[in-house]
Amino acid sequence: MSEVLKEYFEKVVRAPHTVVPDELQKNPKLPLIYGVFENMTIKDDTAEVRLYNLASGGETDPRATAPHIDGMLLGHVVDSKLIYVTDLISPRGSPIERSGDTIAVGNTLREFDVDETDLTFVGGHGATIKGADITGALAANK
């Protein structure tokens, strides 16, 4: 999650869960919650996942900011060449239109030197699309 949301989730985790007590309520312990300012890498022996914050300001292309974009994260499973993009790109069989959301995704990938044409985009609604098929939607503003 973004650094902005970190405080919110820390507050939620500390609050009592009295309507439907869950494992955290039954066995309280404070989990580690990390904010992602620009990017973060998580890896183990089997996979490397890179998280990219869409709201972290780029060095070359200024990032589009909008309430729906600010603080969203892209999840990049490096070896599998998968990029998880919830809501901003939703492959559902029709062409992906160019928008402020898709431009922000493209700008973020370029900032972190990720070749979008080699990725499979995994939308939050259960479908995928090849990056090579949406390069126009991801293109930078001219």
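Side-chain atoms are counted along with the backbone in the values below, which use heavy atoms only and exclude waters and symmetry mates.
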State, with a plain yes or no, whether a side-chain heavy atom of [X] is found less than 4.5 Å away from one of [Y].
X: Leu73; Y: Val36; value: yes
X: Val114; Y: Tyr52; value: yes
X: Val105; Y: Leu138; value: yes
X: Asp79; Y: Glu48; value: no
X: Leu51; Y: Asn39; value: no
X: Lys81; Y: Thr120; value: no
X: Phe121; Y: Ile96; value: no
X: Leu88; Y: Leu54; value: yes

Can you confirm whether the side chains of Thr46 and Asp44 place a donor and an acceptor under 3.5 Å from each other? yes
Shortest non-hydrogen contact from Met72 to Asp87?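 Scanning both residues, the minimum pair turns out to be CE-CB, 4.1 Å.
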Minimum heavy-atom distance between Pro91 and Ile89, given as atom pair plus value: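 Looking at all heavy atoms of both residues, the closest pair is CD-O, 3.4 Å.
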Can you measure from [atom1] ([X]) to [atom2] ([Y]) and round to the nearest 0.5 angstrom?
X: Thr128; Y: Tyr84; atom1: OG1; atom2: OH; answer: 10.0 Å
X: Arg50; Y: Ile42; atom1: CZ; atom2: CD1; answer: 12.0 Å
X: Arg92; Y: Ile129; atom1: CZ; atom2: CD1; answer: 12.5 Å
X: Arg98; Y: Thr135; atom1: CZ; atom2: OG1; answer: 10.5 Å
X: Glu38; Y: Thr108; atom1: CD; atom2: OG1; answer: 10.5 Å

So Leu119 and Asp115, side chain to side chain contact (heavy atoms under 4.5 Å, CB included) or not? Walk me through it. CA-CA 7 Å; Leu119 297 173; Asp115 178 9; over 6 Å; no
The test is side chain to side chain contact (heavy atoms under 4.5 Å, CB included); show your working for Val49 and Val78 and say whether it passes. CA-CA 6 Å; Val49 178; Val78 178; over 6 Å; no
For Ser99 and Asp101, indicate whether the former's side chain and the latter's backbone hold a donor-acceptor pair under 3.5 Å. yes
For the side chain of Thr102 and the backbone of Ala137, is there at least one donor-acceptor N/O pair under 3.5 Å apart? yes
Assess whether side chain to side chain contact (heavy atoms under 4.5 Å, CB included) is satisfied between Val122 and Val85, documenting all intermediate values. CA-CA 6 Å; Val122 181; Val85 183; over 6 Å; no
Side chain to side chain contact (heavy atoms under 4.5 Å, CB included) between Met40 and Tyr34, worked out: CA-CA 9 Å; Met40 177 181 212; Tyr34 296 95; 3.7 Å; yes
